[in-house]
Amino acid sequence: MSSGAATPRFRSFMSAALDQARAAATRNEAPIGAVIVDPQTNAIIAAAGNETRARPDPTAHAEIIVLRAAAERLGQERLSGLDLWVTLEPCPMCAGAIALARIRRLYYGAHDPKGGGVAHGPRIFAQSTCNHRPEIYSGVDESACAALLRRFFAERR
């Protein structure tokens with residue numbers, strides 16, 4: 001697992017995920033956003049923010065929504081060769097879906113010590129039963145991602 005600075009081009013992908021997170025916050029959803037990118041063309045294939053309240057669906061996390069949208073758009077369940085950018089460390093459910101989709105690289109912003117499933121909690125990709133392990137890059141634009149989450153939840157307390 002790597003962490004650190006990203007190039008300006010890469011920052012634009014996290015910026016797009018942050019835009020999705022801000023849009024989710026305006027809908028009173030947890031401000032988490034995700035985009036799936038084709039690194040060959042630098043095209044965003046799918047983008048979404050959390051929609052658990054709007055749907056109502058406890059599985060409507062940003063990651064699940066973009067995985068479904070990308071799979072539907074491409075007409076295949078395997079998303080090999082594509083990259084996922086998300087503002088918060090994926091939970092165990094989302095990490096499992098990422099493995100099943102065969103995502104090439106996972107980039108995430110803020111760490112989630114309580115609910116994360118990548119660097120924290122069950123560490124899904126470290127399990128011997130995990131059938132696919134993406135390359136993982138953590139801490140991308142971490143301060144902006146974490147600040148958005150802190151501000152959202154502080155306003156609701």
Side-chain angles (χ1 to χ4, degrees), residues 1 3 6 10-38 43-79 82-127 130 132 134 136-157:
M1 186 174 335
S3 65
F10 284 173
R11 286 204 183 276
S12 71
F13 299 138
M14 186 56 81
S15 178
L18 277 163
D19 288 345
Q20 293 295 319
R22 285 189 279 277
T26 65
R27 299 187 307 270
N28 203 30
E29 299 276 2
I32 300 162
V35 297
I36 291 186
V37 175
D38 180 343
I44 293 177
I45 304 299
N50 271 19
E51 294 184 18
T52 58
R53 291 177 178 220
R55 291 197 180 219
D57 176 357
T59 69
H61 292 195
E63 300 95 310
I64 299 296
I65 295 168
V66 297
L67 289 170
R68 287 177 177 159
E72 184 175 337
R73 180 173 177 187
L74 299 173
Q76 59 192 38
E77 78 279 12
R78 300 284 189 250
L79 303 176
L82 301 181
D83 298 343
L84 173 63
W85 293 77
V86 62
T87 57
L88 182 66
E89 176 185 347
C91 73
M93 173 186 70
C94 293
I98 290 163
L100 291 171
R102 309 292 198 278
I103 289 292
R104 180 182 81 124
R105 289 186 179 147
L106 166 64
Y107 297 87
Y108 70 86
H111 292 277
D112 189 357
K114 284 176 65 176
V118 176
H120 299 89
R123 300 173 194 237
I124 297 299
F125 303 125
Q127 301 304 313
C130 185
H132 173 77
I136 301 167
Y137 299 87
S138 62
V140 180
D141 241 353
E142 183 175 12
S143 59
C145 294
L148 179 61
L149 286 157
R150 275 194 305 275
R151 189 170 45 252
F152 177 83
F153 289 110
E155 291 171 358
R156 279 145 186 82
R157 289 188 182 116

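Residue numbers run from 1 in the order of the sequence given.
Residues passing the salt bridge (Lys or Arg N to Asp or Glu O under 4.0 Å) test with R151: none are found, sequence neighbours excluded.
Counting all heavy atoms, side chain and backbone alike, F125 lies closest to A95 at CE2-O, 3.4 Å. Nearest approach of P122 to P92, heavy atoms of both residues: CG-CG, 3.5 Å. When all heavy atoms of A34 and L84 are compared, the pair lying nearest together is CB-CD1, 4.1 Å. For M14 against Y108, the heavy-atom pair with the smallest separation is CE-C, 3.8 Å. Across every non-hydrogen atom of V140 and C145, the tightest pair is O-SG, 4.1 Å. Among all heavy-atom pairs drawn from P58 and M93, the shortest one is O-CE, 4.3 Å.
Using a 30° and 60° split on the angle between ring planes, H120 and H111 fall in the perpendicular class, above 60°.
F152 carries R156 over the face of its six-membered ring, with the cationic atom under 6.0 Å from the centre and within 45° of the normal.
Counting non-hydrogen atoms of other residues, nucleotides and ligands closer than 6.0 Å to CZ of R78 gives a total above 12.
Under 3.5 Å, the side chains of T59 and D57 contain a donor-acceptor pair of N or O atoms.
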Stepwise side chain to side chain contact (heavy atoms under 4.5 Å, CB included) test for I103 and D83: CA-CA 6 Å; I103 289 292; D83 298 343; 5.6 Å; no

